[in-house]
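One structure is given here, and the rest of the page talks about it.
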Amino acid sequence: MNAQKLSKRLETVASFVPTGAIIADIGSDHAYLPCYLIHKKIAKRAIAGEVVKGPFETAVRQVREEGLIHKVSVRLADGLEAIDESDKVDTITIAGMGGPLIVSILEKNPSALKSVTRLILQPNIHAKVIREWAVKNNWALLDEVILEEDDKIYEVLVLQRGEMKLSEKELLLGKYLPVEKSKVFIKKWENEIANWKRVLASLNEAESTPEIDTKRGELQRLIAMVEEVIW
Ligand code: SAM
């Protein structure tokens, strides 16, 4: 992967950035995504935000090597603190982290989202917490993608401003992904069900307590809910 040729995962994220966007890529360890978006003339300007010094320095080097210092501003900052109101950022990408970390970044500095109209979020795990955050904070799903690369499954959630209601099933599985039911989607949830069934088997061997019975009931309910969708 480099700034000209992204991984399939980051290419999917990039495909949702509107032409002419001013973007901030938060957690931009090598700044490949912002550099790619400028090279392809998709983004007008970009910010690469990174909280750890080593990756920040890698990003700075990368932007220099690409000859993009006038278009990509690399900033050492925690989450959305990389963004200033005067940047007029309209699109934020946060990729390659867990859902809870992505949500904590969004929650820590909500005022930085004032000018933002699109969020492209790529959680490695726990996409559900992002959908929960979106519902509570008036962001609506514009699209969802599930993809597999190097034996790992990733989800990309594209959000725009707007009200959204999601059922428990949609919060967990997605709004569009269960309708599309791609092979990768089925694989992800078959794996998840297999994990839940392993936990259930060990709970069945344990001595019954109110907590264990509750946990068992919850797992059985989840398994039935997901099986109904994928079968
Ligand atoms: N976004 C790139 C990608 O998808 O390939 C890099 C993913 S890397 C696994 C996560 C990066 O996010 C790391 O470089 C980490 O230091 C950075 N990071 C984690 N928490 C952050 C925060 N609060 N603010 C900015 N960067 C953060």
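Note that the structure is a prediction, hence the values are computed from the model and not measured. When a residue number appears, it is its place in the shown sequence, counting from 1. Just follow the structure's listing: the first ligand is 1, and inside any ligand the first atom is 1. Values below: all heavy atoms of this structure, side chains included; hydrogens, waters and symmetry mates excluded.
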Greater than 12 external heavy atoms within 6.0 Å of Lys188's NZ: yes

Interfacing atoms of ligand 1 (cut-off 4.0 Å, heavy-atom, Ala77): 24 (N), 25 (C)

Gly27 N/O to ligand 1 N/O under 3.5 Å: yes

Shortest non-hydrogen contact from Arg75 toward Ile83: NH1-CA, 4.3 Å

Proximity of Asp25 to ligand 1 by residue part, where a heavy atom lies under 4.0 Å: neither

Which residue and heavy atom of the protein sit nearest atom 23 (N) of ligand 1, plus the separation: Asp78 OD1, 2.8 Å

Which residue and heavy atom of the protein sit nearest atom 27 (C) of ligand 1, plus the separation: Val51 CG1, 3.5 Å

Closest protein heavy atom (residue, atom, distance) for atom 24 (N) of ligand 1: Gly79 N, 2.7 Å

Enumerated ligand 1 atoms positioned under 4.0 Å from heavy atoms of Leu10: 4 (O), 5 (O)

Short N or O distance, Arg9 and ligand 1, threshold 3.5 Å exclusive: yes

Protein heavy-atom partner closest to atom 16 (O) of ligand 1 - residue, atom, separation in Å: Glu50 OE2, 2.5 Å

Pair Gln122-Asn124, side-chain donor/acceptor within less than 3.5 Å: yes

Between Asn138 and Arg161: side-chain donor-acceptor atoms closer than 3.5 Å: no

For Met97, atoms of ligand 1 separated by under 4.0 Å from a heavy atom: 12 (O), 18 (N)

Ligand 1 to Ile105 polar contact by distance, N or O atoms, under 3.5 Å: no

SB check Glu227 Lys197 (cutoff 4.0 Å): yes

Pairs meeting criterion salt bridge (Lys or Arg N to Asp or Glu O under 4.0 Å) with involvement of residues 56-71, two or more places apart: Lys53-Glu57

Heteroatom distance test (Asp29, ligand 1): nitrogen or oxygen, under 3.5 angstrom: no

Trace of the salt bridge (charged side-chain N to carboxylate O under 4.0 Å, His left out) decision for Glu155 with Arg9: CA-CA 9 Å; Glu155 287 178 49; Arg9 174 180 65 82; over 6 Å; no

Geometric class of the Trp139/Trp133 ring pair [parallel <30°, tilted 30-60°, perpendicular >60°]: parallel

Ligand-residue contact atoms, ligand 1 with Gly96, heavy atoms, under 4.0 Å: 4 (O), 9 (C)

Heavy-atom closest pair, residues Ser28 and Ala59: O-CB, 3.5 Å

Which of the ligand 1 atoms, numbered from 1, are nearer than 4.0 Å to a heavy atom of Val52: 16 (O)

Residue portion contacting ligand 1 (non-hydrogen atoms closer than 4.0 Å) for Ile94: neither

Identity and distance of the protein heavy atom lying nearest atom 7 (C) of ligand 1: Ala95 O, 3.6 Å

Sub-3.5 Å N/O-N/O distance, Ser28 and ligand 1: no

Heteroatom distance test (Met1, ligand 1): nitrogen or oxygen, under 3.5 angstrom: no

Side chain to side chain donor-acceptor pair (under 3.5 Å) partners of residues 88-106, not counting sequence neighbours, each pair once: Asp25-Thr93

Side-chain donor or acceptor of Tyr36 paired with backbone N/O of Asn2 under 3.5 Å: no

